[in-house]
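Below: one structure, written as structure tokens.
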Amino acid sequence: MKISSRLYIALLLGLLLHPSLTHAQQMAAAELSDAPSLAQPGISAGASTPMEHTDPQTKRILGIFPNFRAVSSLTHLPPQSVKEKFVTASEDSFDYSAFVLPAALAGESEAANDTPEFGNGGVGYGRYLWHTFVDQTSENYWVEFITPTLTREDTRYYTLGPRGGGKLKRMGYSLSRVVITRNDAGSDTFNISEVVGAGAAAGLSNLYYPRSERTLSNTGDKWAVNVGVDAAGFLVREFWPDINHFLFHGKQPMASH
């Protein structure tokens with residue numbers, strides 16, 4: 001889980017703050033403001049116009065990582081069914097790429113000897129791997145299926161998009177989704193699925209970790225990591241269409257499925 005947060009944050013901030021991206025946006029805005037054919041009534045020729053695009057979300061980020069729950073801005077969808085919640089939780093848990101992050105984290109955890117009881121070598125790595133994978137799967141089902149089914153919450157991420165405001169506003173919006181979500185009726189509500197679901201997954205992990213790891217502090221740390229990683233995921237989903245537009249000129253890096 002720590003690996004995924006680092007990956008998300010590095011991908012997002014590295015591209016958003018890269019000088020070449022900022023320069024390209026400034027050049028594009030200048031070209032738009034200087035083009036006679038794009039002049040609009042009430043806007044002076046020298047006025048700058050915001051850089052906007054309408055690129056949709058793709059099913060995967062960089063053609064690898066699942067992005068099945070992201071919804072493009074200005075898109076209106078019917079209420080999410082119980083079946084859809086189960087399917088998205090399963091896709092996020094058992095997609096071919098779902099094994100990449102647990103495998104990487106297991107290697108890091110073994111190297112740091114995070115859980116001495118697991119040992120080292122191939123056997124130790126195997127123990128780290130299956131515990132990490134179960135952690136990830138449990139959190140997915142609690143946050144995306146079990147809790148939202150009971151509370152009737154929508155687990156999809158609705159992008160604010162470039163038309164919704166500047167980068168800081170969009171960052172604040174995306175991070176706020178860990179505590180604010182939509183219910184099945186389409187109204188904003190407290191995100192019980194995230195807060196309680198992530199905590200339930202952290203508590204459940206005490207059933208299969210060594211006794212020495214079953215402390216209140218460790219459980220709290222796991223809960224915080226679960227919520228923090230999901231917040232980073234929302235941040236990436238918000239800006240993925242911008243990153244995709246910059247890297248691929250609005251073309252998807254690969255097929256949607």
Side-chain angles (χ1 to χ4, degrees), residues 1-18 58-70 88-145 157 175 178 194 197-237 239-240 243 247 253-254:
M1 300 295 284
K2 298 174 184 177
I3 292 290
S4 59
S5 63
R6 293 170 187 168
L7 171 67
Y8 283 148
I9 294 172
L11 171 65
L12 176 66
L13 298 183
L15 287 170
L16 286 180
L17 303 179
H18 195 280
T58 60
K59 294 297 184 182
R60 296 182 184 278
I61 293 175
L62 294 177
I64 301 173
F65 300 100
N67 193 34
F68 305 121
R69 290 189 294 146
T88 55
S90 300
E91 288 176 332
D92 285 345
S93 298
F94 300 107
D95 182 77
Y96 68 84
S97 65
F99 296 89
V100 174
L101 297 178
L105 179 57
E108 181 190 56
S109 297
E110 182 187 15
N113 198 31
D114 287 345
T115 308
E117 294 87 345
F118 288 170
N120 296 301
V123 174
Y125 177 78
R127 289 170 178 161
Y128 278 107
L129 180 59
W130 80 256
H131 280 81
T132 304
F133 180 76
V134 172
D135 286 347
Q136 175 179 273
T137 303
S138 174
E139 203 261 353
N140 285 340
Y141 276 97
W142 275 105
V143 172
E144 300 176 31
F145 172 58
Y157 177 79
L175 294 176
V178 296
E194 178 64 43
L204 186 63
S205 69
N206 288 322
L207 296 178
Y208 52 86
Y209 271 86
R211 185 178 299 274
S212 62
E213 300 294 319
R214 304 173 191 173
T215 66
L216 184 61
S217 176
N218 283 345
T219 302
D221 287 344
K222 290 177 182 177
W223 174 82
V225 168
N226 287 342
V227 173
V229 168
D230 288 342
F234 293 150
L235 192 64
V236 170
R237 289 184 176 96
F239 288 98
W240 167 239
I243 297 170
L247 292 177
M254 67 174 292

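We count residues from 1, following the sequence as given. Not measured: the values here are computed from a predicted model.
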For this session: Heavy atoms only: give me the nearest Gly124-Glu110 pair and the separation to one decimal.
Result: C-OE2, 4.4 Å
Exercise. Side chains of Leu62 and Leu247: closer than 4.5 Å at any heavy-atom pair?
Worked result: yes
Problem set entry | Flag for Tyr157-Asp230: side-chain donor and acceptor within less than 3.5 Å | no
Exercise. Atom CZ in Phe133, atom OG in Ser93: separation rounded to 0.5 Å?
Worked result: 6.5 Å
Exercise. Within the side chain of Thr132, is there an N or O that forms a donor-acceptor pair under 3.5 Å with the backbone of Tyr128?
Worked result: yes
Problem set entry | Minimum heavy-atom distance between Glu194 and Val143, given as atom pair plus value | OE1-CG1, 3.5 Å
Problem set entry | Spacing of CH2 belonging to Trp240 relative to CG belonging to Leu235, to within rounding of 0.5 Å | 14.0 Å
Exercise. Is it the case that more than 12 heavy atoms not belonging to Leu216 sit under 6.0 Å from its CG atom?
Worked result: no
For this session: Report yes if some heavy atom in the side chain of Lys222 is under 4.5 Å from a heavy atom in the side chain of Thr219; otherwise report no.
Result: no
Exercise. Can you name the nearest heavy-atom pair linking Asn226 to Ala198, along with the distance?
Worked result: ND2-O, 3.3 Å
For this session: Classify the angle between the aromatic ring planes of His131 and Phe118 as parallel (below 30°), tilted (30 to 60°) or perpendicular (above 60°).
Result: tilted
Exercise. Phe68 and Asp95: side chain to side chain contact (heavy atoms under 4.5 Å, CB included), yes or no, with the steps?
Worked result: CA-CA 11 Å; Phe68 305 121; Asp95 182 77; 4.0 Å; yes
Exercise. Does some side-chain heavy atom of Thr137 sit less than 4.5 Å from a side-chain heavy atom of Phe94?
Worked result: yes
Problem set entry | Under 3.5 Å: donor-acceptor pair, side chain of Ser205, backbone of Ala202 | yes
Problem set entry | Beyond-backbone contact of Trp142 with Leu204, side-chain heavy atoms, under 4.5 angstrom | yes
Exercise. Does Arg69 reach the side chain of Arg237, with side-chain heavy atoms less than 4.5 Å apart?
Worked result: yes
Exercise. What heavy-atom pair brings Leu207 and Arg214 nearest, and what distance separates the two atoms?
Worked result: O-NH2, 4.2 Å
Exercise. To the nearest 0.5 Å, how far apart are OG1 in Thr215 and CG in Asn206?
Worked result: 7.5 Å
For this session: Grab the two heavy atoms, one from Ala89 and one from Phe145, that are nearest each other, plus how far apart they are.
Result: CB-CB, 4.0 Å
Exercise. How long is the gap from CZ on Phe239 to CD1 on Ile61, to the nearest 0.5 Å?
Worked result: 13.0 Å
For this session: Give, for atom CD of Glu213 and atom OG1 of Thr115, the distance between the pair rounded to the nearest 0.5 Å.
Result: 4.5 Å
Exercise. Mind checking whether Glu117 and Ser212 have side chains closer than 4.5 Å, heavy atoms only?
Worked result: yes
Seminar exercise, completed: The reported gap from CZ in Arg127 to CG in Asn120 (rounded to nearest 0.5 angstrom) is 10.0 Å
Problem set entry | Heavy-atom pair with the smallest gap, counting every atom of Tyr96 and Gly63 | OH-O, 3.4 Å
